[in-house]
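Notes follow the structure.
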Amino acid sequence: MKSFHPPVRTLMGPGPSDVNPRILEALSRPTIGHLDPAFIQMMDEIKQLLQYAFKTENELTMPVSAPGSAGMETVFVNLIERGDKVIICQNGVFGGRMKENVQRCGAEAIMVEDPWSSTIDIDKAEQALTDNPDAKAIAFVHAETSTGTRSDVEALCGLAAKYDCLSIVDAVTSLGGIELLVDEWGIDAIYSGTQKCLSCVPGLSPVSFSERAARSIRERKSKVQSWFLDLNLVMGYWGNDAKRSYHHTAPVNSLYALHESLLILHEEGLQNAWDRHDLNHAALVVGLESLGLKFVVDKEFRLPQLNVVSFPTSVDDAAVRAALLNDYNLEIGSGLGTLAGSVWRIGLMGFASNKSNVLFCISALGNVLATQGIKVEVSKAVTAAQAVYSA
Ligand SMILES: *Cc1c(COP(=O)(O)O)cnc(C)c1O
């Protein structure tokens, strides 16, 4: 056996996304103790930078030492107790995982289902709240990565406030890519991931809780069933007390990487990052449509960071993705769940959302489609996308 040297890919799938070289360099800095005063100071900066990224003043804001799925689990196991009722608005794969989490907490999941690739229907959500006045929380996904659909978090949180229940938001794919205003929208509990629009290494999950949610955790009747994710214990390490105590060994180098990625986002500015995602998305739409591909989601609800397109039925899905990977070192995503085999998911997340990736993807995909017998004019498609940038 030899050292592992991964191929150099361009990552335009549903995550992980291309990691900025600045972040990879930060990752390789010397490891120090996770209770070293220098490290603790950096942890405080991470909390401040996360508050900036989430647009929140929430004290209880920190990264969980595990991927987005663990952030999801952290939110549910801490807020939900046996016998609680939680309304879940599902319009894709990840809403289904929320249901699993709620049921495994011994709580009841009230499902409000919308068709995949549709946004969450606000009226149906309100009806569920009217029918279940005892619901403890309403949970939903901001950016459904399985379908490329955006939902109206502000309106859904407005309903949560009106019916006096907690709002739980999955922002794994939205943080850093599209507008997300935790305090202004009244989000009570939110979790994200590092490997999507933050373009950091996978394996960490930023979370944030409002004061109301934090109180609900402090006032639990039962112990959180997960020792590792119990925030009452985790806060001994991540809390504001001068004395930090050992809970688990923090992933020291991954946290250097997160610090660097949040610093990059702060330097660019949230609004600029959101605008950049919009512009690159606009150019990709023009190019892909010129190749004859169809966007699945209605324009109004599309995610700029995750583009879902259907392709002609004569096209061999797996062969196209294999050719892109082998001949172009380009990764795009396949369809998930009910969309498997009929769509591609093309990510323009974080560092990967740039002009050269857009033009590269259009030309590579166009060339591969031509080998599948599809009539395409690749240079015309690239020129059309170019024109979006010069407009
Ligand atoms: C990727 C993703 C997750 C899970 O994150 P992992 O880091 O893979 O555990 C959860 N929700 C959404 C919407 C996602 O896109």
Side-chain angles (χ1 to χ4, degrees), residues 1-21 23-24 67-68 93 145-148 172-173 177 193-203 277 280-281 283-285 287-296 303-379 381-382 385:
M1 285 193 224
K2 301 184 293 219
S3 303
F4 178 64
H5 292 279
V8 178
R9 310 282 201 206
T10 299
L11 300 180
M12 297 180 69
S17 60
D18 282 341
V19 178
N20 188 319
I23 298 172
L24 291 176
V93 165
T145 322
S146 59
T147 64
V172 176
T173 286
T194 43
Q195 78 280 27
K196 308 222 175 167
C197 295
L198 295 183
S199 277
C200 185
V201 290
H277 282 84
N280 291 313
H281 163 72
L284 188 75
V285 170
L288 295 183
E289 286 184 340
S290 169
L291 292 175
L293 300 171
K294 303 251 178 319
F295 273 73
V296 172
L303 295 175
Q305 68 273 48
L306 193 75
N307 300 269
V308 181
V309 288
S310 63
F311 45 81
T313 47
S314 67
V315 168
D316 182 342
D317 171 23
V320 169
R321 284 183 293 107
L324 289 173
L325 196 65
N326 297 329
D327 301 339
Y328 297 87
N329 274 310
L330 172 61
E331 178 181 280
I332 65 167
S334 58
L336 207 58
T338 59
L339 296 172
S342 61
V343 301
W344 291 315
R345 293 182 298 151
I346 302 178
L348 284 172
M349 297 183 179
F351 183 64
S353 178
N354 62 63
K355 182 177 175 181
S356 60
N357 276 3
V358 168
L359 301 178
F360 171 53
C361 178
I362 294 164
S363 61
L365 192 53
N367 290 341
V368 174
L369 283 172
T371 67
Q372 291 270 319
I374 304 294
K375 271 210 158 51
V376 286
E377 289 185 70
V378 179
S379 63
V382 172

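Small disclaimer: the values here were computed from a predicted structure and weren't measured. Just so it is clear, the values below take in all heavy atoms, side chains as well, and ignore hydrogens, waters and symmetry mates. Positions are given from 1 along the sequence.
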Task: Gln195 side chain near Cys200 side chain, heavy-atom distance below 4.5 Å - done: no
Task: Stepwise side chain to side chain contact (heavy atoms under 4.5 Å, CB included) test for Phe295 and Val285 - done: CA-CA 8 Å; Phe295 273 73; Val285 170; 3.6 Å; yes
Task: Non-hydrogen atoms of Gly366 and Val376 that approach each other most closely - done: O-CG2, 3.4 Å
Open item on the list: With rounding to the nearest 0.5 angstrom, report the CG to CE distance, Asp18 to Met349.
Closed with: 11.5 Å
Open item on the list: Using the side chain to side chain contact (heavy atoms under 4.5 Å, CB included) criterion, which residues pair with Glu377? Sequence neighbours excluded.
Closed with: Lys380
Open item on the list: Test: ring-ring contact (aromatic ring centres under 6.0 Å, His included). Region: residues 329-376. Which pairs qualify, not counting sequence neighbours?
Closed with: Phe311-Trp344
Less than 3.5 Å apart, which donor and acceptor atoms pair up between the side chains of residues 322-331 and the rest of the protein, not counting sequence neighbours?
unit_1, atom_1, unit_2, atom_2, d
Asn326, ND2, Ala322, O, 3.1
Tyr328, OH, Asn367, ND2, 3.4
Asn329, OD1, Arg9, NH1, 2.7

- [ ] Please round to the nearest 0.5 Å and tell me the distance separating atom CG of Asn307 and atom CG of Leu293.
- [x] 11.0 Å
Task: Partners meeting side chain to side chain contact (heavy atoms under 4.5 Å, CB included) with Thr371 (sequence neighbours left out) - done: Val368
Open item on the list: Pair Thr147, Leu336 - check side chain to side chain contact (heavy atoms under 4.5 Å, CB included), show working.
Closed with: CA-CA 8 Å; Thr147 64; Leu336 207 58; over 6 Å; no
Task: Side-chain touch Val320/Leu365, heavy atoms, less than 4.5 angstrom - done: yes
TODO: Could you pull out the closest heavy-atom pair between Ala385 and Ala283, with the gap in Å?
DONE: CB-O, 3.4 Å
Open item on the list: Can you give me the closest heavy-atom contact between Val93 and Ser146, atom names plus distance?
Closed with: N-OG, 3.0 Å
- [ ] Would you give the length of the straight line joining atom CE of Met12 to atom CG of Leu284, rounded to the nearest 0.5 angstrom?
- [x] 6.0 Å
Task: Where Gln372 and Ala319 come nearest, the two heavy atoms and their spacing - done: NE2-CB, 3.9 Å
Open item on the list: Pro14: which residues meet the side chain to side chain contact (heavy atoms under 4.5 Å, CB included) condition with it, sequence neighbours left out?
Closed with: Thr145, Leu306, Arg345
Open item on the list: Can a donor-acceptor pair be found, under 3.5 Å and without considering hydrogens, that links the side chain of Ser199 to the backbone of Asn20?
Closed with: no
Open item on the list: With heavy-atom distances below 4.5 Å as the criterion, would you say the side chains of Ile374 and Pro312 are in contact?
Closed with: yes
Task: Test item: side-chain donor near acceptor, Asn280 and Ser353, under 3.5 Å - done: yes
Task: Side-chain touch Val309/Val296, heavy atoms, less than 4.5 angstrom - done: no
- [ ] Can you see which heavy atom on Ile362 is nearest to which on Val378, and at what distance?
- [x] O-CG1, 4.5 Å
- [ ] Without swapping roles, check the side chain of Glu289 against the backbone of Lys294 for a donor-acceptor pair under 3.5 Å.
- [x] no
Open item on the list: Is any side-chain heavy atom of Ser342 closer than 4.5 Å to one of Ser310?
Closed with: no
- [ ] Answer whether the closest heavy-atom distance between the side chains of Ser334 and Arg321 falls below 4.5 Å.
- [x] yes
- [ ] Go through the structure and list residues passing side chain to side chain contact (heavy atoms under 4.5 Å, CB included) with Val172, not counting sequence neighbours.
- [x] Asp170, Tyr191, Lys196
TODO: Could you check if a side-chain atom of Pro202 sits within less than 4.5 angstrom of a side-chain atom of Pro67, using non-hydrogen atoms only?
DONE: no
